[in-house]
Novice: 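First the structure, then my questions, so here it is.
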Amino acid sequence: MHGGPVADAVFADLAPRIDALVAAGHTPGLATVLIGDDEPSARYVGMKMAKAEELGCTSPHVHLPEDATTADVIAAVEKLNDDDSVDAMLVQYPGPPQVDFDAVLMAVDPDKDVDGMHPANVGRLALGIPGPVPCTPAGIEAILAHYEVPVAGRHVVIVGRGVTIGRPLGILLSQKRPTANAAVTLVHTGVPSWADYARQADILVAAAGVPGMIQPEHVRPGGVVVGAGVRYEGRKLLPDVDEACEEVAGWITPRVGGVGPTTIAMLFRNCVEAAERAVGTAGG
Ligand SMILES: NC(=O)c1ccc[n+]([C@@H]2O[C@H](COP(=O)([O-])OP(=O)(O)OC[C@H]3O[C@@H](n4cnc5c(N)ncnc54)[C@H](OP(=O)(O)O)[C@@H]3O)[C@@H](O)[C@H]2O)c1
């Protein structure tokens, strides 16, 4: 289950919507805030700005120095909150240790929160109220839907209850919608028998950030495996799912080019939806 074609389908859906917004006099804007000079963070932000340009969105950028305080970052965020040309914003994380990223997140206008991580948006997700949905979980649902993997009524086991993937994905896939509606089990370090659950999964999602944690013996033969958790050692990417799982799984995401491309696609979907809400065209 390569993520590239799924992301392409999302971008193809967004293109006419972006055109319609531009025609209506509102070019969608995704702002980025980078603190310091961490090279991977700068590369990640640069990639998103390039994609914004390719899609015809604006991408105002704020670059704060390495010694920026929490107050400096909040001041930048508040300026973007007040800027009508900015529909969504992303404060690149991680950043310098003196910056309180929880306080920064609280300062973001929830309607411009492109990652869907503001408590108001986590609440919307839990309550089933429309709003920006966390990008990686939304991308995982899109991958399963694209490859027509049945989810409704099936057993999804998620390894990891982190706030970026496991917890929001559990909420998303248990919602009463045709591409969700699953029985969801979340396992974590508090469940020593997590492997027993994993082996029962119709769909196993690895979201722990423990390289090689998922081995073939954890996969039900013919089952579906989604590898989302990764750890970086320098530029080297170390996935949770061991490559030998390919021999056992029926469907599996590749070690590179699986969940990542769809995460970026969902970032732009959240941005365009925020722009549509801002001009009152949401839902067509
Ligand atoms: N592919 C992408 O686009 C993408 C995007 C975002 C994040 N990620 C990756 O996804 C992973 C998860 O991120 P996150 O922020 O959601 O989670 P997180 O905060 O890193 O938490 C990891 C979760 O895995 C569980 N876990 C760790 N070791 C375990 C073990 N040995 N046995 C069972 N459970 C274990 C932890 O359990 P406890 O709660 O008990 O500690 C925790 O719930 C990270 O590797 C991150 O780098 C990937």
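Note: hydrogens, waters and symmetry copies are ignored here, and every other heavy atom, side chains too, is used. Ligands are counted one by one from 1 in listed order, and the atoms in each one are counted from 1 as well.
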Novice: More than 12 heavy atoms of other residues, nucleotides or ligands under 6.0 Å from OH of Tyr232: yes or no?
Specialist: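 No.
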
Novice: Would you find a donor on one side and an acceptor on the other, under 3.5 Å apart, between the side chain of Asp87 and the backbone of Gly29?
Specialist: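 Side chain of Asp87 to backbone of Gly29, a donor-acceptor pair under 3.5 Å: yes, one is there.
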
Novice: Please determine whether a side-chain nitrogen of the Lys or Arg among Arg17 and Glu273 lies less than 4.0 Å from a carboxylate oxygen of the Asp or Glu.
Specialist: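 A salt bridge links Arg17 with Glu273.
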
Novice: Are any of the N/O atoms on Ile165, whether in the backbone or the side chain, positioned under 3.5 angstrom from an N/O atom of ligand 1?
Specialist: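 Yes, Ile165 has an N/O under 3.5 Å of an N/O on ligand 1.
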
Novice: Which ligand 1 atoms are under 4.0 Å away from a heavy-atom of Gly229?
Specialist: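 The atoms of ligand 1 under 4.0 Å from a heavy atom of Gly229 are 9 (C), 10 (O), 11 (C), 45 (O).
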
Novice: CZ of Arg167: more than 12 outside heavy atoms within 6.0 angstrom?
Specialist: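 No, the 6.0 Å shell around CZ holds no more than 12 heavy atoms from other groups.
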
Novice: Looking at Thr263, which atoms of ligand 1 are within less than 4.0 Å of one of its heavy atoms?
Specialist: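 The atoms of ligand 1 under 4.0 Å from a heavy atom of Thr263 are 3 (O).
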
Novice: Got a sec: does the CE of Met47 have more than 12 other heavy atoms crowding it under 6.0 Å?
Specialist: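 Yes, the 6.0 Å shell around CE holds more than 12 heavy atoms from other groups.
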
Novice: Measuring from atom 23 (C) of ligand 1, which candidate in Gly160, Gly139, Pro168, Gly166 has the nearest non-hydrogen atom?
Specialist: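 Residue with the shortest heavy-atom distance to the ligand atom: Gly160.
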
Novice: Given Val224, which partner from the list Val151, Leu144, Asp202 fulfils the side chain to side chain contact (heavy atoms under 4.5 Å, CB included) test?
Specialist: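 Of the listed options, the one satisfying the test is Leu144.
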
Novice: Is Arg269 reaching over with its side chain to a backbone N or O of Leu14, donor-acceptor style, under 3.5 angstrom?
Specialist: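 Answer holds: no.
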
Novice: Of the listed options (Gly260, Gly209, Gly258, Ala208), which comes nearest to atom 24 (O) of ligand 1 when hydrogens are ignored and any heavy atom counts?
Specialist: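 The residue whose heavy atom sits nearest atom 24 (O) of ligand 1 is Ala208.
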
Novice: Look only at the side chain of Arg231 and the backbone of Gly209, and say whether a donor-acceptor pair between them is shorter than 3.5 Å.
Specialist: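 Present.
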
Novice: Report the part of Ala228 (side chain from C-beta onward, or backbone N, CA, C, O) that has a heavy atom under 4.0 Å from ligand 1; answer both or neither where that applies.
Specialist: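 Ala228 to ligand 1: backbone contact only, side chain stays beyond 4.0 Å.
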
Novice: For Val230, is at least one N or O under 3.5 Å away from an N or O on ligand 1?
Specialist: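 N/O-N/O distance under 3.5 Å: yes.
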
Novice: How far is atom 12 (C) of ligand 1 from its nearest protein heavy atom, and which residue and atom name does that atom have?
Specialist: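 Sorting protein heavy atoms by distance from atom 12 (C) of ligand 1 puts Ala207 O, 3.2 Å first.
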
Novice: Show which residues join Ile171 in its hydrophobic cluster (side-chain heavy-atom contacts under 4.5 Å, direct or indirect), or state none.
Specialist: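 For the cluster that includes Ile171, the remaining residues are Leu125, Val133, Leu172.
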
Novice: So which protein heavy atom does atom 17 (O) of ligand 1 come closest to, and at what separation?
Specialist: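 Answer for atom 17 (O) of ligand 1: Gly162 CA, 3.3 Å.
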
Novice: Give me the residue, atom name and distance of the protein heavy atom closest to atom 15 (O) of ligand 1.
Specialist: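 Closest protein heavy atom to atom 15 (O) of ligand 1: Thr164 OG1, 2.5 Å.
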
Novice: Tell me the protein heavy atom at minimum distance from atom 28 (N) of ligand 1, and give that distance in Å.
Specialist: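 For atom 28 (N) of ligand 1, the nearest protein heavy atom comes out as Val210 CG2, 3.3 Å.
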
Novice: So if I count the atoms of ligand 1 from 1 in the order they appear, which ones are less than 4.0 Å from some heavy atom of Val259?
Specialist: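 Counting atoms of ligand 1 from 1, those under 4.0 Å from Val259 are 1 (N).
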
Novice: Using a 4.0 Å heavy-atom cut-off, say whether Thr136 meets ligand 1 through its side chain, its backbone, both or neither.
Specialist: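 Near ligand 1, Thr136 shows its side chain, while the N, CA, C and O stay back.
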
Novice: Is it true that Arg167 lies under 4.0 Å from ligand 1, counting heavy atoms only?
Specialist: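 No.
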
Novice: Any idea which of Arg161, His188, Met213, Met266 brings a heavy atom closest to atom 32 (N) of ligand 1?
Specialist: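 Among Arg161, His188, Met213, Met266, the closest heavy atom to atom 32 (N) of ligand 1 belongs to Met213.
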
Novice: Does Thr189 reach ligand 1 with a nitrogen or oxygen that is under 3.5 Å from one of the ligand's nitrogen or oxygen atoms?
Specialist: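 Yes.
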
Novice: Taking the hydrophobic residues Ile, Leu, Val, Met, Phe, Trp and Tyr, and joining any pair whose side-chain heavy atoms are under 4.5 Å apart, which ones share a cluster with Phe101?
Specialist: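 Under the 4.5 Å side-chain rule, Phe101 groups with Val33, Ile35, Val62, Leu64, Val73, Ile74, Val77, Leu80, Val86, Met89, Val91, Tyr93, Val99, Val104, Val108.
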
